[in-house]
Structures are given as structure tokens and as C-alpha cells.
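Remarks on the structure that follows.
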Amino acid sequence: MTDLDRRAERPPTSGRVARALRHAAPALLVYAGVRALGLLALALWCLGSGKSPHTLLTARWDSLWYTRVAEHGYGWSTTLPDGTVHSNLAFFPLLPWLERALSAVSPLSYADAGMVVAWLASLAAAWGIFLIADRLYGRRAGVCAVALWAVLPVGIVQSMAYSESLFTALAAWSLYAVLRERWVSAGLLAALAGLTRPVGMAVVAALWVAAVLFVVRERRAPWRMVLGAVLAPLGAAGYVLWVGQKTGGGLFGYLDVQKQWGNGFDFGYAFARFIGERFTSFPSALAGLGLIAGVAAVIWLYVTGVRQKQPVPLLVYTGIVLALALCASGYFGSKPRLLMPAFPLLLPLAVALARLRTSRSALVLSVAAAASAAYGALWLNGSGPP
């Protein structure tokens, strides 16, 4: 059979996409249902609090910074009473670019465009998570993995004009491309992830490690793999170098910007001290115990993934996301949100749920979805940033 014959036998691209979408449909429907429940809970909660759910989703905290970048570009900053300067250079540019582009071709404001991007990206992220779990453990586990990502306590962030959903989508699809050895696609997606959040380098590292393992195993380095490896860091490196040039700080310019925000890598010292301070009184000690239990659970899930022999690129990616989230100083209330892109942590739980009867797994996920919806509404109506 000739190459022409083989190409003739392949179904059209549109047909392959349609079949892939039908295969993922249960997971996407479950995800959309959970997110709809979360939005409904937020709307009902806001009826009592007098706040606008639309404002909470599009115009609070980081979403305001992204909107300002989309509207005015970079260069805006604010000085706090203690003299520290918070610059919008801390926020990577892909989400503001998409907000500006979508607003230019539609009647949406920048803020509303950011929310639409987040909603679409969250569906893309769910699809990417499904594809990875389905490839490794089967379709049922894929549906459970998506459901677990949706019912995270901070899942409401997936519906906000934040960059977590966009980053997770790009990371998941890049990692899926790595697993399939689609090197150029993986590199392009990694570069876009690097333009979305600083943790984008975790995707780059996963691709590089996969490439090295491929070379060691196959004793060759295809040009597509080399090209993908070269493309992968261009997004993050390009933005960091541009910030350094703009601030005059060179290679460390972006780190200086983050330092002004109180962010830095201290190997978890500040976080450990924060937890220790919870034990100064009895009520807050319960919160301290909860934090310790949460960190222990996250580490246990990672170790379980290692024991289940998850692909090395997934372990590398997850490990870097965990290290940056848990071992960095900064606002500690944001750590659950920063852990959201570490979706491979959910794969051991997804496998366990997939082994249960459908009725039991549905009950577990329904209870978790209701709790997540209530917690998200409470959290977003609070005073602290998610």
C-alpha cells in the first residue's frame, strides 16, 4: 500500500475531531454541570449578600490587573502605604492579549472577554485532562479525573477572569502531545503556557525531560523533537527578558518585580512559619492542623502517582508546580489556587473512583460538587483574594 493509499483511507480531520469530541462528551458534560452548579450557588449567595456575581467573576483582584493590561498595556503600578510597588509587569500577557482580541471583534468589554476566555479555556482544560487520563487509565477514569478537577474546593476560580483555566488547558494539551510524541505541537503549546503564568516553565521542563528520555531510548534526535524543545521556552523566556529590559533589571528584572509583590522562593520557610503561627490559639490551631493535613494529602497523592508509575513528564510537571506553590513566599491564601494546574495529582483518586460502581462514584462526586459550590460562593463573597 502506498502513502497515497494510506492518506486516502484516513478520515477527514473534521471527522476525527467529531469522534474525539463524542468520546470526551461525558466528561465535558459532567464538567459543565459542576461548573453550572457552582455559578448557581454563587448567584443565590449573592442574592443574600447584595453583591453582584458578575462583578465577583470579572472585576476583583487579579482580574482587574489583567483588564488594565488589556486596556492600557504595561507600565501601570500602584504604591502601597508601606512603600512597596505593585507593578502590572508581574502578570504574563497571554490572557490580556486574548481579552483585547476578543473585545475587538465582539461587543464584550475586556472584563467580560476575560470571563469568556476562562470559560472556554476551562472546557479545553477539562478535555485535555480527560485525554491524558483516558490514555493512561481508560475512559471511565478520564471522566472521573475531569469531575474531580471540577469539584476542587477552589473550582470557582475556573469560571473567573483569571489565567488558571487558560494555563491548565495549554499545559494539559502540551503534556498530551508530549505523551504522543507530537513534539512541535507540544513545544508551541508550552511556549503559550509560558506566556500565561510563571509556572509555564514546568511544562517546558516536562517536554525537555521527555525529549532526553526519547534520545536515550531511541538513540536518535528527530528534527521535530529538537524544534519542539527549542520552541517550548520561548514564551516565558521572551516575556522575562522583555521585563528585564523594560525595568533595567536584566535577567533578574522579573524577579525584582515579583519581590515587590512579596513573592519569592524560600524553600517553604515562610509557609511553614505561617502554619506555625496558627498554633498560638485554639481556634486558629484547627486551621493549622487543616493546613498540615492538606499539605500531607498533596504530597501523598504525588507519591502515589510515582508508585503508579505515571509517565515521567507528568511527574516532572507536577513536581515543579507543587514546589513553586508550596515553597514560595507570598499570599498564603492563594496556594490552593496555585495548585489547581497540578491536575495529575487527581489521577490516583480518579482511578480509585473508576473502580467503584457508577452509583457510588456518582454519589461521591455529587456530594463533592455541592460542597465545592457552597465553598466557592462563600469564598468569593469573602474579603481575601482566592
Side-chain angles (χ1 to χ4, degrees), residues 25-63 111-112 114-127 129-130 133 142-166 168-169 287 290-291 293-294 297-298 301 333-343 345-346 349-350 352-353 356 358-386:
L28 298 180
L29 289 173
V30 167
Y31 179 79
V34 173
R35 290 275 40 87
L37 178 63
L39 293 174
L40 176 61
L42 176 63
L44 293 176
W45 197 290
C46 287
L47 288 177
S49 67
K51 296 181 180 179
S52 165
H54 176 263
T55 300
L56 295 179
L57 293 171
T58 63
R60 293 193 73 184
W61 306 312
D62 288 6
S63 57
D112 288 339
M115 183 175 67
V116 170
V117 169
W119 287 12
L120 294 176
S122 68
L123 283 171
W127 194 355
I129 292 170
F130 169 80
V143 174
C144 291
V146 169
L148 287 169
W149 192 66
V151 303
L152 289 175
V154 293
I156 189 64
V157 175
Q158 298 164 15
S159 300
M160 298 176 65
Y162 269 45
S163 62
E164 272 72 19
S165 290
L166 179 60
T168 305
L291 288 171
V298 165
L301 287 172
S334 295
K335 289 191 180 292
R337 170 174 63 86
L338 299 179
L339 286 169
M340 188 184 302
F343 63 87
L345 290 174
L346 302 173
L349 298 178
L353 274 177
L356 299 177
T358 301
S359 58
R360 292 183 179 179
S361 58
L363 176 61
V364 171
L365 290 172
S366 296
V367 172
S372 173
Y375 181 76
L378 170 65
W379 193 25
L380 201 52
N381 274 272
S383 59

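Throughout, residue positions are numbered sequentially from 1 according to the sequence presented.
Considering only heavy atoms from C-beta on, Leu380 stays 4.5 Å or farther from Val157 through its side chain. In this structure, the side chains of Gln158 and Val34 stay at 4.5 Å or more apart for every pair of heavy atoms. With contacts defined as side-chain heavy-atom distances shorter than 4.5 Å, the pair Trp119/Leu39 qualifies. Using a 4.5 Å heavy-atom cutoff, the side chains of Leu346 and Ile129 are not in contact. For the pair Val30 and Val146, the minimum side-chain heavy-atom distance is 4.5 Å or more. The shortest distance between side-chain heavy atoms of Thr58 and Met160 does not fall below 4.5 Å. For the pair Pro153 and Trp379, the minimum side-chain heavy-atom distance is 4.5 Å or more.
Of all non-hydrogen atoms in Ala126 and Tyr31, the two that sit nearest each other are CB-CG, 3.8 Å. Listed here is the closest heavy atom pair of Asn381 and Trp45: ND2-CD1, 3.4 Å. For Leu339 against Val298, the heavy-atom pair with the smallest separation is CD1-CG2, 4.3 Å. Shortest non-hydrogen contact noted between Ala161 and Ala111 is CB-O, 4.2 Å. The two residues Phe130 and Gly142 make their nearest non-hydrogen contact at CD1-C, 3.5 Å. What you find for Ala121 and Ala169 is that their closest heavy atoms are O-CB, 3.4 Å.
More than 12 heavy atoms of other residues, nucleotides or ligands shown are found within 6.0 angstrom of CH2 on Trp127.
Taken to the nearest 0.5 Å, the CG atom of Leu47 stands 10.0 Å off from the CG atom of Leu42. Here the straight-line distance linking atom CG of Leu57 with atom SG of Cys46 works out to 8.0 Å at 0.5 Å rounding. The distance from the OG atom of Ser122 to the CE atom of Met340 is 10.5 Å, given to the nearest 0.5 Å.
Under the 3.5 Å distance criterion, the side-chain polar atoms of Arg337 are left unmatched by any main-chain donor or acceptor of Glu164. Under the 3.5 Å distance criterion, the side-chain polar atoms of Ser372 are matched with a main-chain donor or acceptor of Leu152. Not one N or O on the side chain of Trp149 forms a donor-acceptor pair closer than 3.5 Å with the backbone of Pro341. Judged by distance alone, the side chain of Ser63 and the main-chain N or O of Arg60 form a donor-acceptor pair under 3.5 Å.
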Please walk me through it: do Leu353 and Leu349 pass side chain to side chain contact (heavy atoms under 4.5 Å, CB included)? CA-CA 6 Å; Leu353 274 177; Leu349 298 178; 5.6 Å; no
After noting the C-alpha distance and the side-chain angles of Leu166 and Leu120, does the key distance pass the side chain to side chain contact (heavy atoms under 4.5 Å, CB included) rule? CA-CA 8 Å; Leu166 179 60; Leu120 294 176; over 6 Å; no
